[in-house]
Every structure is written in C-alpha cells, then in structure tokens.
Protein chains: 2
Amino acid sequence: MKLTQRQERVLDCIRAHIEETGYPPTRAEIAKILGFRSANAAEEHLRALERKGAIEIMQHTSRGIRLPDLGQDTPSANTSATAPAPTSEIEQDAKHLPIIGLVAAGSPVLAVEHVEEHCAIAPEFFNPPAHYLLRVRGMSMKNIGILDGDLLAVHQTHDVRNGQIVVARVGDEVTVKRFQRQGSHVSLIAENEEFAPIELDLSRDELTIEGLGVGVIRQGS
Amino acid sequence: MKLTQRQERVLDCIRAHIEETGYPPTRAEIAKILGFRSANAAEEHLRALERKGAIEIMQHTSRGIRLPDLGQDTPSANTSATAPAPTSEIEQDAKHLPIIGLVAAGSPVLAVEHVEEHCAIAPEFFNPPAHYLLRVRGMSMKNIGILDGDLLAVHQTHDVRNGQIVVARVGDEVTVKRFQRQGSHVSLIAENEEFAPIELDLSRDELTIEGLGVGVIRQGS
DNA sequence: CCAGCTACTGAATTTTTGTACAGTCTATCT
DNA sequence: AGATAGACTGTACAAAAATTCAGTAGCTGG
C-alpha cells in the first residue's frame, strides 16, 4: 500500500534523525519535530508505517525502529581497514610542541625516547617561546597551580633569574621548582608547605638548569 | 589514551549491535551480550570509552551512544534537530581558539565583542574538544589549580554531570564552579575554602550552563 | 448517512533505561 | 604497604519511552 503524504513525512523524519544522531527517534521526539502535541500521534503513524511495511517496530524497545534496507551502504564486507589516512607524518616545522615525560635518569631531558606525544600549540603563544612541554609529577608546586600531570611549557635556557620557575636537574633527578640564588648557594623552593626546599652549593653539588617555565597546560580540567 | 582489551571488546559489541539492529544497545543489552550480571559494568565501560574519546554519550537518552565519524558522512549531516545545540556563532579556523574575557553582563558568553585575542592551539588537544578559552577572574578555584588570569578551555554544551567543572551563568554573572545537582537543587561549588557554594533551585532561580571546563592554559608560569 | 481510514489531543500506566551508590577483587605503580 | 585504576556484582530510584484508553475531526466510498 502506498504511504500518505504525512506518513512519508514521518518516515523522512526518522531517516533524518538516524542520520544525524546515530539512533532512531522516540515517539515523543518525532512528535516534537513534526509539531504534534501528543506522542500518540507519532505512535499511530509508526503503526501505519509498519502495517505498510515501511518500517519494522521492535516492541517494548526504546527507539526500536528499523528501516528495511534502503540502498546497500553497509555490506559488511566493506570494512574500511585501509582508509586513505590523511594523517600527516611527523612535522617538525609545524606548530607542534613535543610532550616530554619527566625522566629521572640523568639523560638529556629532550630526547626522542622521552617524547610521549605532541601538542598542536604555537610555541610563541608563550613568552619567551616554549621549546617543549614537560609532564609534571607530584604536587610540589600546587600553590601556584601546577598540579600532578600538568604540562609545563618550558623555554630551554640556562639563564634564569631569582624567583623564576625552572626545570632543574640535580644529579639524576629532574624537578620543577622556584629558583633562588645567592652567590654560590642555590635554593630550589617548592610551592607547597609540605615540601622542603632543596639547598645546594654550586661548588659542591651538581646543578643543571634545563629551562624556564613559561606556562602551564592541563588537559581535562 | 589507548583502550584496554575489555574496552575494545565493548566497543566492538556496540558496533555490531548497531550493524545488526540499526540502533545502539542499552547498558543492560551490552551486559547481557558480554555476560555481565550488572548493567553497571557496561555503564562504567561506556564512561571509560567516552573519557578516551572512543564514543559520545548523550545523557539521559536511551541508546544515546554515538560513534565518531565512521567512513563518509553524508552531505546534509549538519543540522541538529533534537540535539540541544549550543548557541554559538563564532567559527574559528581549525587550529585557533578565541580567548574570551569574562563578561558579567547577561550577554552571550561567546560574542565577537568579548574576544580578546586568539590562541593557536588545536581544539582537539582537549577531550571533548574546546570551543573557546575563557579568561578566569578570581581565585575561587585555586585548589584545583585554576588561578586568576588563567585560560579555561571550554567545551560548549548544556549537558554536564555532577562533579564536573562548568561555566555557569546565574542571572547576570558568569562563573566557573564545580557542578552538583540533586533533583532541582543545584550547588555551584568553589574550590577554595574562602568561598561559599552558590545554592540554587531550578524552579526558582535562573541558571544557564554555558559549557564544560576541559582544560587550563596559563601564560607565564 | 454511516463505517472506516487518517490525523490528531490529552492523560494515564507500565516498561525500559540511565545513573547513582555501596561493595568486591585484582592488577599495577609508587 | 598503600594508593589508584580497571572490571565487575547488586540494589535502588528517577527519568525516559512505549503503550493504552478515551475523545475530536475531516474525508471517502458505498
């Protein structure tokens, strides 16, 4: 039997809803879209459409509306395993910053082995520009809003001033601290009452300034 | 983040169900198919899949599971009929996010007048993707490392859950708070002992959720 | 003119679902 | 050893959705 104009309209509405949301509409949703004040209007249209074979209704099942195959677009043998991936390879020049995991070993901070992933952000967004992002471990800087897991934007330099947030390597350990120096004495101060400052004497202890903290990024609030 | 084996299995199950029935499965159906005795097992897998960006969950919507673009999308798939589309007009080019100043007046948060500048960062770096960056005023969220002047990455949506960090508008004022709702009672909780929660009743007070906090950026450590 | 179909409104009722909460167990990782 | 994440069981409840019932109207063919 042929569908009425109204029924055709309802069927279109169902198709569109699936296309847009990925799941069929409820009676109430159909009613709202088509301007019915009662979900029952939709119910009755669905019954009619089913009687006429235009759809299949799964009883007692929310959104249980099926459209008998219209044009075979998903023939199951068409799995897109080898899709034309437009994903470009590693682009050094682009506006990407490598994300470095905080590695305790005394190896250079910026090494390929330590690159976790990349972040598409312009280095110049920070001032001075960031060279990489360091994933921070621990809560030693929580008072200034640097939390565990945060990414610290780091400008690579050895030249830092008192009061600045620095990435420092003391022997094997890499840490983020506030820098304070008087003569040959350096304090690496945590921004958290629970952590004591690291006190160093340059004539005795080995200290390498890896860079300057120029910003913070946190994923997932 | 990578999916676990079990999560991969759940994802396959969802795909298969859609393929076979034409609509996504419910929690109970997933549980039955995979042999769980509790639908909550499925629920938690879905949450994990959403966190990792593998699926999208429509809250309070039966079978509201979406699989991000599979294969080719249709040319007319750009109108949202049922989805509570955020009222946004600003279209930023792919890899830039507008920075919005926190404006008290009851005007729309995302309006050209309020755009301070732009930040060259990929919106997809956050999950769910950020639509804009909001400059935070005040220290009410300092306990979770959101400080005055920070940029909050915001995903525009009205659809938020308990415990999430939201951008809310109460009357004229726009604030960033932790969201907590029980029935028609909503608490907007500051993450700072010095600030009292804002208690609202939806039947009385006007509350608009402008978006979800999905990350933080701070310039100049 | 009446029966039967289409096209609704409105309200009531029951199922189905999504979601929260309280636990258990087992790996990791620290 | 203790904290944390994944992977569940089980119970409970409220919102979402299907379904039924009772009406109102316009049309159409017999």
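Chain identifiers are assigned alphabetically (A, B, ...) following the order of the sequence lines, protein sequences preceding nucleic acid strands; residue numbering begins at 1 within each chain.
- Whole-Å rounding puts the A:K52 NZ to C:dT6 C1' distance at 8 Å.
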Per-nt protein contacts along nucleotides 22-30 of chain D (heavy atom under 4.0 Å; B base, S backbone sugar-phosphate only, - none) come out as B--------

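- Screening residues 5-35 of chain B for ring pair (Phe, Tyr, Trp, His ring centres under 6.0 Å) gives B:H17-B:Y23 as the qualifying pairs, with residues at least two apart or on separate chains.
- OP1 or OP2 of C:dA7 has at least one side-chain nitrogen or oxygen of A:H45 nearer than 4.0 Å.
- Contact check, B:R37 against D:dG10: a side-chain N or O comes under 4.0 Å of OP1 or OP2.
- A straight line from CZ of A:F36 to P of C:dG10 spans 14 Å, rounded to a whole angstrom.
- By the side-chain hydrogen bond (donor to acceptor under 3.5 Å, both in side chains) test, A:S38 is found to be paired with no residue, residues two or more places apart in sequence or in another chain being considered.
- Comparing the local axis fitted to the first five base pairs of the helix from C:dC1-D:dG30 to C:dT30-D:dA1 with the one fitted to its last five gives a bend of 30°, rounded to 10°.
- Residue pairs meeting the side-chain hydrogen bond (donor to acceptor under 3.5 Å, both in side chains) criterion with at least one member in residues 143-153 of chain A, sequence neighbours excluded, are A:N143-A:E193, A:D150-A:R218.
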Letter per nucleotide, 5' to 3', of nucleotides 12-18 of chain C [B base touched, S only sugar-phosphate touched, - untouched; heavy atoms, 4.0 Å]: ----SSS

What donor-acceptor contacts under 3.5 angstrom involve side-chain atoms of residues 40-50 of chain A, with partners at least two apart or in another chain?
residue: A:N40; atom: ND2; partner: A:E44; partner atom: OE2; Å: 3.1
residue: A:E43; atom: OE1; partner: A:R27; partner atom: NE; Å: 2.9
residue: A:E43; atom: OE2; partner: A:R47; partner atom: NE; Å: 2.8
residue: A:E43; atom: OE2; partner: A:R47; partner atom: NH2; Å: 2.8
residue: A:H45; atom: ND1; partner: A:A41; partner atom: O; Å: 3.2
residue: A:E50; atom: OE2; partner: A:I57; partner atom: N; Å: 3.1

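- Rounding to whole angstrom units, CG of residue B:N162 and C1' of D:dA14 are separated by 14 Å.
- Take A:N192 and apply the side-chain contact (heavy atoms from CB on, under 4.5 Å) test, not counting sequence neighbours, and it matches A:M139, A:K142, A:E194, A:F195.
- Neither OP1 nor OP2 of C:dT30 sits under 4.0 Å from any side-chain N or O of A:R137.
- Checking the phosphate oxygens (OP1, OP2) of D:dC8, a side-chain nitrogen or oxygen of B:R6 falls inside 4.0 Å.
- As a whole-Å value, the separation of A:I57 CD1 from D:dA17 P is 16 Å.
- The interatomic distance linking A:I30 (CD1) with D:dT19 (C1') rounds to 14 Å, in whole Å.
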Under the criterion side chain to side chain contact (heavy atoms under 4.5 Å, CB included), I'd like the reasoning laid out for A:M141 against A:L152: C-alpha separation, chi angles, the key distance, then a yes or no. CA-CA 11 Å; A:M141 303 303 278; A:L152 182 73; over 6 Å; no

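- A donor-acceptor contact under 3.5 angstrom links the side-chain atoms of A:S38 to the base of C:dG10.
- Partners of A:H185 according to the side-chain hydrogen bond (donor to acceptor under 3.5 Å, both in side chains) rule, which considers only residues two or more places apart in sequence or in another chain, are A:E199.
- Residues forming a salt bridge (charged side-chain N to carboxylate O under 4.0 Å, His left out) with A:D201 (at least two apart in sequence, or on another chain): none.
- If you measure from atom CZ of B:R9 to atom P of D:dA7, you get 13 Å, rounded to the nearest angstrom.
- Distance from the side chain of A:R47 is smallest for D:dT19 among the nucleotides D:dT19, C:dT19, D:dC8.
- Applying the side-chain contact (heavy atoms from CB on, under 4.5 Å) rule to A:D12 yields the partners A:R9, A:R15; only residues at least two apart in sequence or on another chain are considered.
- With sequence neighbours excluded, the residues that form a side-chain contact (heavy atoms from CB on, under 4.5 Å) with B:I209 are B:V160, B:V166, B:A168, B:F179, B:L207.
- Among the protein residues, B:R51 comes within range of the sugar-phosphate backbone only, with heavy atoms under 4.0 Å from sugar or phosphate atoms but none that close to a base.
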Take A:I189 and A:K177, measure what side chain to side chain contact (heavy atoms under 4.5 Å, CB included) needs, and give me the verdict at the end. CA-CA 5 Å; A:I189 306 164; A:K177 292 286 181 296; 5.9 Å; no

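- One interatomic measurement links the two molecules: CG of A:L34 to C1' of C:dC8, which rounds to 12 Å at whole-angstrom precision.
- Within the 4.5 Å cutoff, the side chain of A:L151 has no heavy atoms near those of the A:C119 side chain.
- For C:dA7, neither phosphate oxygen OP1 nor OP2 lies less than 4.0 angstrom from any side-chain nitrogen or oxygen of A:Q5.
- Atom CG of A:L49 and atom C1' of C:dC5 are 15 Å apart (whole Å).
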